[in-house]
Structures are given as structure tokens and as C-alpha cells.
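Residue numbers count from 1 along this sequence. Just so it is clear, the values below take in all heavy atoms, side chains as well, and ignore hydrogens, waters and symmetry mates.
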Amino acid sequence: MLGTASLLSLLVDPRGDFGHRCARAWSWLILKTTGVRVTVTGLDKLDPARSYVFAANHQSIYDIPIVFASLPYQLRIVAKDSIGRIPFLGWHLQWTGHLLVDRSKPGAAVVKRMARLVGERHSLIVFPEGTRSEDGTVARFKGGSFMLALEAGVPVVPISIAGSRHVMKKGRLMVCPGEVTVTVHAPIETAAVARDAVRDLSRTVHARVAAHAS
């Protein structure tokens, strides 16, 4: 129902803002009905008037509803374009402004789309590990999403998610009620970061995320 509502809303809201509110409602319902309780700290470090690239560790498929429900921003995710072909979920992502990327053809077009999102006061959520962790260890962050942040001049906000892997582990369909903590760290400005320093930026974000991810 929420997926249908989000798609119909595009007739009057082509930016997808109402669609995102549907996604937040969907996220809240999922967490509430499965007994997942989320505690969020650090939101006071953010400026509600700014756009950010939120970079989080990835432990569970539940991380997406956890982040959507926890961050009071117009969020758009960066994901592989094949997800856009999934009925309802993919359609929602494709038509409400999410950044679906063909990994074989990255480039300037992606940066332009990201700049447009920022211009509409949207923020991005990325999972730089590229896959879910099986044991809670935060794997090395890939640099692509940080290069996007540099190109667009958008601050990066490290996000630590702890406890979600116990709710639904990778490769398991069963959901277990549990406690999850989301720690929002201080933004890292990117305007003065050189392109050849993107790996250093990635390491800095990784260190902050990993420190509170278990």
C-alpha cells in the first residue's frame, strides 16, 4: 500500500519527497511489528538545513529501514541499478530520486545527478563496504562514494550501526527482536579535501564508524 501511495504521489510531487515519507512510515512499521528498538544519538551534531552523505557500516538488510526511520532527512540511497527492476521496491527507488548506479559505467553523469539531489536539499546514504558483514567486522570502505561527496562538495557524516546483525543475519530469513544503536558522528567537510586524498578520507570515516559498530 505504501509503495503504491509513493508511486501515485509522483503525479503531484515529482521530487519524491512524499514518497520518502512513505518509506519512513514503511520503515517504522517494519521495526515496530518485528520488535526492533532503535536508539539514536548524535543528531544534535547536524544542521537540518544542510545536505549530507551519510556513510554507514552494513550488518543486515534491516539497516535500510533502521537508517530511514532514524535520520529525519530527505534520504536517497546509492545502490546498484539492478535493484530498480524489483517490483514496487525497485520502482519506488527508481522514480522517487534514488541514485541507482550502473557500476560498469560510473562517471560524470552520476556526479550531476548527485548535485541535483543536493540542490533539492536531499541527502544520500551509502554503505561503503559494498556488502553486509557476517560477523560484525567493518570491512574496508571503497572510495567511490567518497569521491562523489568530494565532487559535490557535500560533508560526509559517519554513521555507526550496532546490533542489527543479530536482528537478521546475512543469509538468514528469520527476524529476531532486538536492540539497535545508531551513532551519528560529527560531519567531515569535504570542500577543501583534494581528490588524491580520498583514500585518507575513507580511512578516517572507517575509523569513526568502526569505533562504535559493535
Side-chain angles (χ1 to χ4, degrees), residues 16-17 19-21 23-24 26-28 31 38-80 83 93 96-101 110-111 113-133 138-165 180-191 193 198 201-213:
D17 291 354
H20 177 66
R21 288 195 284 273
R24 290 200 75 195
W26 164 80
S27 300
W28 183 86
L31 299 176
V38 182
T39 301
V40 186
T41 61
L43 285 173
D44 57 309
K45 298 181 176 71
L46 305 180
D47 179 354
R50 298 191 70 182
S51 295
Y52 298 102
V53 172
F54 295 99
N57 60 304
H58 202 11
Q59 298 185 348
S60 167
I61 197 170
Y62 257 68
D63 292 337
I64 293 176
I66 287 169
V67 168
F68 272 39
S70 300
L71 300 178
Y73 284 80
Q74 277 288 334
L75 292 178
R76 303 296 185 267
I77 66 171
V78 179
K80 57 186 178 181
I83 294 178
L93 295 177
T96 55
H98 295 268
L99 201 58
L100 303 182
V101 179
V110 176
V111 176
R113 289 168 61 196
M114 183 174 175
R116 177 179 56 81
L117 291 175
V118 171
E120 295 174 347
R121 295 184 62 181
H122 295 158
S123 293
L124 291 176
I125 175 70
V126 298
F127 298 101
E129 292 168 279
T131 188
R132 285 168 281 161
S133 171
V138 182
R140 182 179 68 85
F141 283 178
K142 298 178 180 179
S145 54
F146 299 104
M147 183 60 74
L148 287 176
L150 262 64
E151 294 283 357
V154 181
V156 176
V157 179
I159 300 287
S160 301
I161 302 174
S164 64
R165 72 186 182 93
V180 176
T181 300
V182 175
T183 304
V184 180
H185 301 273
I188 301 173
E189 297 292 341
T190 62
V193 178
V198 66
L201 174 62
S202 173
R203 293 192 189 100
T204 298
V205 175
H206 181 278
R208 296 187 187 182
V209 169
H212 294 84

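Counting all heavy atoms, side chain and backbone alike, His185 lies closest to Ser160 at NE2-OG, 2.8 Å. Annotation for Pro187 and Pro155: closest pair CB-CB, 4.2 Å, computed over non-hydrogen atoms. The shortest heavy-atom contact between Thr190 and Ala149 is OG1-O, 3.5 Å. Annotation for His212 and Ala162: closest pair O-CB, 3.8 Å, computed over non-hydrogen atoms. Residues Pro65 and Trp26 approach most closely at CB-CZ3, 4.4 Å, considering heavy atoms. Between Ser164 and Ser60, the closest heavy-atom pair is O-CB, 3.3 Å.
With a 4.5 Å cut-off on side-chain heavy atoms, Val205 and Phe146 count as touching. Between Arg24 and Pro72, the closest side-chain pair of non-hydrogen atoms falls below 4.5 Å.
How far OG of Ser123 is from CZ of Arg50: 10.0 Å, rounded to the nearest 0.5 Å. Atom OH of Tyr62 and atom CG of Leu31 lie 7.0 Å apart (nearest 0.5 Å). Between the CD1 atom in Ile66 and the CG atom in Leu71 there is a gap of 11.0 Å [rounded to 0.5 Å]. In this structure, CD on Glu129 lies 11.0 Å from CZ on Arg140, to the nearest 0.5 angstrom. Note that CD1 of Ile161 is 12.0 Å distant from OG of Ser133, once rounded to the nearest 0.5 Å.
Partner of Thr204 under the side-chain contact (heavy atoms from CB on, under 4.5 Å) criterion, out of Val193, Ile188, Val209: Ile188 alone. Of the residues listed (Leu46, Asp44, Thr41), the one engaging Val184 in a side-chain contact (heavy atoms from CB on, under 4.5 Å) is Leu46, and it is the only one.
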Can Asp63 and Phe127 be said to form a side chain to side chain contact (heavy atoms under 4.5 Å, CB included), step by step?
-> CA-CA 10 Å; Asp63 292 337; Phe127 298 101; 4.0 Å; yes
Report the C-alpha separation of Ile125 and Tyr73 in whole Å, then their side-chain angles, then the decisive distance to 0.1 Å, and conclude whether the side chain to side chain contact (heavy atoms under 4.5 Å, CB included) test is met.
-> CA-CA 10 Å; Ile125 175 70; Tyr73 284 80; over 6 Å; no
Stepwise side chain to side chain contact (heavy atoms under 4.5 Å, CB included) check, Asp47 with Tyr52 | CA-CA 9 Å; Asp47 179 354; Tyr52 298 102; 3.4 Å; yes
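In this structure, His206 contributes its side chain and Val138 its backbone to a donor-acceptor pair below 3.5 Å. Proximity of a side-chain donor or acceptor of Ser51 to a complementary backbone N or O of His122 within less than 3.5 Å is detected.
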